[in-house]
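Heads up: the structure comes next, in structure tokens.
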Protein chains: 2
Amino acid sequence: MTEERFQVIYHISGAEAVALEKAQIICLEQTVEVGQELVPDGFIKEHIVGRLEQFYSVASDCYAAILSYAVETTAGELTQLLNVIFGNTSIKPGIRVQRLILGEKLLAQFGGPRFGITGLRQRVGITTKPLLCTALKPMGKSVTELAGLAYQFALGGVDIIKDDHGLTNQPFCPFTARVNACSEAIHQANRQTGKHCIYVPNITAPCHQLRERAIYAQEKGAGALLIAPGLTGFDSLRALAADEAIRLPLISHPAFLGTMVTHSSNGLAHGVLFGQLQRLIGADAVIYPNYGGRFGFTREECRAIADSCREPMGNYPPIFPMPGGGMRLEKLPDLLNEYGNEVVLLVGGALYTRSPDIVDNGRYILSLVGR
Amino acid sequence: MTEERFQVIYHISGAEAVALEKAQIICLEQTVEVGQELVPDGFIKEHIVGRLEQFYSVASDCYAAILSYAVETTAGELTQLLNVIFGNTSIKPGIRVQRLILGEKLLAQFGGPRFGITGLRQRVGITTKPLLCTALKPMGKSVTELAGLAYQFALGGVDIIKDDHGLTNQPFCPFTARVNACSEAIHQANRQTGKHCIYVPNITAPCHQLRERAIYAQEKGAGALLIAPGLTGFDSLRALAADEAIRLPLISHPAFLGTMVTHSSNGLAHGVLFGQLQRLIGADAVIYPNYGGRFGFTREECRAIADSCREPMGNYPPIFPMPGGGMRLEKLPDLLNEYGNEVVLLVGGALYTRSPDIVDNGRYILSLVGR
């Protein structure tokens, strides 16, 4: 047993004495899962049980508890690391994971992102300024219609063209046919423009098909892969990022994960779920709903996500925050001011509706971001 | 395109006009993900977009919306079914999935539970009365110590002896060594007692190791498998239940899932998460924290879980509700009254602490449930 430990900062609701008792119970619940009276002296009490390292007030009736856990309790497994961080405690209301401090050695046990901001920029051949992304939709359009849209978006200069995350392998739009057609359409546009627009198919799928779709998409010229870890499990994304046969950046979608953040005193903080955990599992860019759109995230929550994507984290590269969800063009100046240059703007409606000329819409929006 | 549709009942918080608008937006958000003005006439508007079938008040400032979706939008994939049910809408506070009405054909696309109550009873050779389960713990004990505990629990008549869900493959308690020792200890006890106590190792693991651990455990004589789908992804449990090489019942653990239920106006209803979804993915028994224990579930929430485990659901067999989490012996009469006979009681502390004689503790608790 080494002495190596990692830390989790929990925010706990309640009066001081109540919150302190909850913090002490987390130490047991997340490790030995027995009452204090059943913890054997020695190794288990000294090493295995979580340790309350610091406890302090952060707001009225809200306290921060910094706990440390032995790295060896996680067995080098992402699944068990998640379990130690929040397994049973997720079931208790009024406790939120506010921040992870995992340490270099624990981070090094996982590969982290392989491309990050720099790698994704190399793929699209754009070294500065924000990147522009859009989604192929709506569900129900045929493969031919979606490929036609992809072609026009690529001609207009959109850097990243992804499937809507609801497009998987429906009978009216099969995965392989869509990948073939959209990838070819975008390559054709690239040959005309000289640009390096990439197609990002959605490979979110049952576990036995995930790798197969990733490999297929790669062979057909996809430039990155879209996956929703809330649907597949976090470890599925990690496994793709660790797979040497797959050499494409991974873009993470938030579907089904929302409940983890929607109530401010439960679940995971925005920066943990959409920043720290995503980098831990190897995402190179993270989609999340921007403030002021049709979802309810605040500017501060979005800033926490963007900061967690881009701040130092072991030897992991920074990754792209990718705000989307009801972006309006008149908000672009504010967005650029908020996020700076290291951001992918996920624009849907405006690219479709600003004018009937989709190619021109793309060019216009690029001009708004200084490109 | 067939006309087959499935239904989801959402509970939506807010004044009537607000809730109605939210319901109409769910129809779009969960399918086409564009505004009404961008939905093409014909096939997409008529078939793909969710349909608001009913809308009615269920409480002050809370409305039920019954939506239907075309079965084909789910592509026969569990991951995409979860996405249509709650993908993006999970990110919006004030909307809860209250109930699924999936229909026989959609249910038949997934295998469902293979053993259920009857199959699990056959394994342990107990045809009536509640079953008794306990967990091997705490984390940090050696393989030899855990096997010693398993032996005594089995001698005392405990039907199901599972790993604590935090035991995976730690260096101080490796998976294979633990499975070998605990399985052998329980078989030895069974030879002495003539009973059929089963060992249930925790196979929760990174995705590339999950099946390997399941197969190993089966070969070494495990009687069922424990897995936490909140850690591995729901589809991982489904894949095990659909795997013909694995012929063991699956017991589901709630780790990391709690936030999905902790706030009553977000996430999934208890009966959906711990009942309907578990059967859909093929769990044969579902662990959840009982009312009155150290977690906060109410009696009504637990009843909804037990009902959803045992009520008719397509051709799926009923499965065992498995309440645990701080059970005290004085509560047993009430528990038996609440759950009836078709239940597995997960008892931890009381089996360890009632007296120093663990074998006798098991026999005593069995006598309390009429066995």
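In the text below, chain A, chain B and the rest are named by the order of the sequence lines, each starting its count at 1. Note that these values count all heavy atoms, side chains included, but never hydrogens, waters or copies made by symmetry. If you're wondering where the values come from, they're calculated on a predicted model, not measured in any experiment.
- Put simply, the side chain of A:Gln170 gets close to the backbone of B:Thr73: a donor and an acceptor are under 3.5 Å apart.
- Contact annotation for B:Lys92: both backbone and side-chain heavy atoms come within less than 4.5 Å of a heavy atom of chain A.
- In this structure, chain A has a heavy atom under 4.5 Å from the side chain of B:Thr353, while its backbone stays farther away.
- Rounded to the nearest 0.5 angstrom, A:Leu257 CG and B:Thr259 OG1 are separated by 11.0 Å.
- Counting heavy-atom pairs closer than 4.5 Å to chain B, the top residue among A:Ile91, A:Thr204, A:Thr232 is A:Ile91.
- Here CD1 of B:Ile203 is found 11.0 Å from OG1 of A:Thr79. Values are rounded to the nearest 0.5 Å.
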**Study point:** A:Gln80 vs B:Thr168, side chain to side chain donor-acceptor pair (under 3.5 Å): CA-CA, chis, key distance, verdict
**Key:** CA-CA 7 Å; A:Gln80 174 61 7; B:Thr168 63; 4.6 Å; no

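- With rounding to the nearest 0.5 angstrom, the OG atom of B:Ser90 is 10.5 Å from the CE atom of A:Met260.
- No part of B:Ile95 comes within reach of chain A, as not one of its non-hydrogen atoms sits under 4.5 angstrom from that chain.
- Ranking B:Pro171, B:Gly94, B:Gly230 against chain A, the residue ahead of the rest is B:Pro171, based on heavy-atom pairs under 4.5 Å.
- In this structure, the separation between SG on B:Cys173 and CD on A:Glu72 is 13.0 Å, given to the nearest 0.5 Å.
- Nearest heavy-atom pair across B:Phe256 and A:Leu268 is CZ-CD1, 4.3 Å.
- Interface check for chain A: of the options B:Asn88, B:Thr74, B:Val261, B:Leu167, the most heavy-atom pairs under 4.5 Å are formed by B:Asn88.
- For the pair A:Met139 and B:Ile48, the tightest heavy-atom approach, listed with the atom from each and the gap, is O-CG2, 3.5 Å.
- Here CG of A:Asp235 is found 8.0 Å from OG of B:Ser236. Values are rounded to the nearest 0.5 Å.
- Highest contact tally toward chain A, considering only B:Leu82, B:Leu38, B:Ile25, is held by B:Leu82 [criterion: heavy-atom pairs under 4.5 Å].
- Heavy atoms of B:Tyr352 lying under 4.5 Å from chain A belong exclusively to its side chain.
- Contacts between B:Asp164 and chain A at a heavy-atom distance below 4.5 Å involve the side chain alone, from C-beta outward.
- Heavy atoms of B:Phe297 lying under 4.5 Å from chain A belong exclusively to its side chain.
- Between chain A and the residues B:Gly296, B:Gly349, B:Gly348, B:Gly267, the most heavy-atom pairs under 4.5 angstrom are made by B:Gly267.
- If you tally non-hydrogen atom pairs under 4.5 Å between each of B:Thr31, B:Val32, B:Leu28 and chain A, the highest count goes to B:Val32.
- Ranked by heavy-atom pairs under 4.5 Å with chain A, the first of B:Tyr288, B:Phe234, B:Phe295, B:Phe86 is B:Phe295.
- In this structure, CG in B:Leu231 is found 5.0 Å from CG in A:Asn83, a value given to the nearest 0.5 Å.
- Between A:Thr262 and B:His263, the closest side-chain pair of non-hydrogen atoms is not below 4.5 Å.
- When each of A:Ala205, A:Ala239, A:Pro229 is scored by its heavy-atom pairs under 4.5 Å with chain B, the top score falls to A:Ala205.
- The contact between B:Pro289 and chain A is made entirely by side chain atoms (from C-beta outward), counting heavy-atom distances below 4.5 Å.
- In this structure, chain A has a heavy atom under 4.5 Å from the side chain of B:Pro40, while its backbone stays farther away.
- When A:Gly325, A:Gly233, A:Ala255, A:Gly76 are compared by the number of non-hydrogen pairs under 4.5 Å with chain B, A:Ala255 comes out ahead.
- Side chains of A:Pro206 and B:Leu78 form no contact here, defined as non-hydrogen atoms less than 4.5 Å apart.
- Heavy-atom distances place the side chain of B:Ile44, and not its backbone, under 4.5 Å from chain A.
- Both the backbone and the side chain of B:His165 come within contact range of chain A, each with at least one heavy atom under 4.5 Å from a heavy atom of that chain.
- Take A:Arg294 and apply the salt bridge (Lys or Arg N to Asp or Glu O under 4.0 Å) test, not counting sequence neighbours, and it matches B:Glu29, B:Glu33.
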